[in-house]
2 protein chains.
Amino acid sequence: MNPDDRREAIIAATLAVMQRQGIAATTVRDVAAELGASSGLIHHYMTSMDELIAEAFERSAGADLLATSNLVQQGQDPLEQLRFFFDSYTRSDGDSGMQLWLDAWAEAARRPELRQISQRLNEAWQQLICDIIEGGVRGGLMTCTDPVAAAWRILSLLDGLHLQEVAHSDSVTSAQVSNWSRRGAEIELGLPPGTLTEREPS
Amino acid sequence: MNPDDRREAIIAATLAVMQRQGIAATTVRDVAAELGASSGLIHHYMTSMDELIAEAFERSAGADLLATSNLVQQGQDPLEQLRFFFDSYTRSDGDSGMQLWLDAWAEAARRPELRQISQRLNEAWQQLICDIIEGGVRGGLMTCTDPVAAAWRILSLLDGLHLQEVAHSDSVTSAQVSNWSRRGAEIELGLPPGTLTEREPS
DNA sequence: GCACTTATTGGACATTTGCGCAATAGCGTC
DNA sequence: GACGCTATTGCGCAAATGTCCAATAAGTGC
């Protein structure tokens, strides 16, 4: 098998195990079993377990960011862009992507490589929101005196609510995460209620 | 040694280890070393490792909640109560309490006992904020059409910002967590800027 | 066909983990 | 001082884990 393809296959298998069992409980043997290969093979391509986990997480979380980013760019104006942002972000929690983030944040303190990736991606998410807000303020569609702070607030609110949904499923529901976070952004940016509500696909 | 005291001592030692190393990396042997006793002793008092961890987390997080709750009750009006709430919450992150919460949320999916405790405490935090808001709305000091949602937003925003600070220390600083979360609550509740800023102890 | 590189295997190894258990020490009661 | 209960010890066991390594299979260029 082509080395590049093999490497991809290993990362894909790692990701599958991570999503099933969580980052902390992912072992080399499980990845090998998922791949249908031996454990030695994984170490032939990866120098350490930490690198393997970091790479798999980056692949998964990076793809989510890219997908949302692409969708946002299709928005005609900043309001639609922000709506698309919420559409994309609140849809992607159907899979276990958010549990991965929870694991990553908790493990960041103990895995430097993972921490670096997690930080970089979070800052990219914040930047994405910040750009939308600055566009909205320039166009007179939104009111905001501190876009950097506002972007961190919108992102953190979304993460904080998602966290409750994933950790304690019957405290906060998926619909509440969507509604409450959209309403929060409306309040933050001086928008009338309903502006960011998900539109029915016509 | 008195069995009750011994039990307390074990929990205290467990907590110390948990704060130093994180929940996932806490082992029976480490707790025994911290206590200056043998590993067998821990199992004489606790039926399992999960129970030990859950109990220690409940003790620590419950104490934080109680301390904040007590401080809030000393506020003369809802605005001061909310200010006290932020004072208490944003001060308690000096120690590593927030990393414990991160671990707890991540582990909640795999440790039922921990999940139950985490969920109960989070709901109590939300209730604490909700009561303040309802008092503020009644007294005409705050504007809020949905106190339940607003309380979840204020709590989740605070947790989300804290999360960034703990996981990636140079993305968001401790001061920014305090300022941004207070400002967020002001916007949420229709308060003029600076209303919730920490007062200098005169 | 033959050397040479590389992918792949399967297991060994040292370490760490939660937990159990037989032995011991300490202390209160008669 | 003897007895009995329980706190406490210290070790051992089985399972799991990351890492490494010698042996093998599979190509690949000559």
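Throughout, protein chains are lettered first and strands after them, A, B, ... in sequence-line order, and every chain is numbered starting at 1.
For the side chain to side chain donor-acceptor pair (under 3.5 Å) condition, the pairs that include at least one residue of residues 144-155 of chain A, sequence neighbours left out, are A/R153-A/E188.
Between A/I154 and A/F86 the shortest side-chain heavy-atom distance falls below 4.5 Å. Between A/I42 and A/M49, the closest side-chain pair of non-hydrogen atoms is not below 4.5 Å. A/H44 places none of its side-chain heavy atoms less than 4.5 Å from the side chain of A/R6.
Ring pair A/Y89/A/H162 is parallel by interplanar angle, where below 30° counts as parallel and above 60° as perpendicular.
In this structure a side-chain-to-backbone donor-acceptor pair under 3.5 Å is missing from A/Q176 to A/V172. Put simply, the side chain of A/S181 gets close to the backbone of A/S178: a donor and an acceptor are under 3.5 Å apart.
Counting to the nearest Å, the C1' atom of D/dA7 and the NE2 atom of B/H43 are 16 Å from each other. One can place CG of B/L35 at 15 Å from P of D/dA7, the figure rounded to the nearest angstrom. B/R6 places its CZ atom 13 Å from the C1' atom of D/dT6, with the value rounded to the nearest Å. Counting to the nearest Å, the P atom of D/dG18 and the CG atom of A/L41 are 16 Å from each other. Note: CZ (B/R7) to C1' (D/dT6) measures 17 Å, nearest angstrom.
A/D30 pairs by the side chain to side chain donor-acceptor pair (under 3.5 Å) definition with A/T27, not counting sequence neighbours. For A/E8, the side chain to side chain donor-acceptor pair (under 3.5 Å) test picks out A/R59, with sequence neighbours left out.
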What protein N or O atoms touch nucleotides 11-13 of chain D N or O atoms at under 3.5 angstrom, if any, and at what distances?
from: D/dG12; atom 1: O6; to: B/R29; atom 2: NH2; distance (Å): 3.4

N/O-N/O pairs, protein side and nucleotides 24-29 of chain C side, under 3.5 Å:
none

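Sparse packing is recorded around CD of A/Q116, with 12 or fewer heavy atoms of other residues, nucleotides or ligands lying under 6.0 Å away.
A heavy atom lying under 4.0 Å from DNA chain D marks the following residues of residues 44-51 of chain B, by number: B/H44, B/Y45.
The structure places CD of A/E58 at 10.5 Å from CD of A/E113, a figure rounded to the nearest 0.5 Å.
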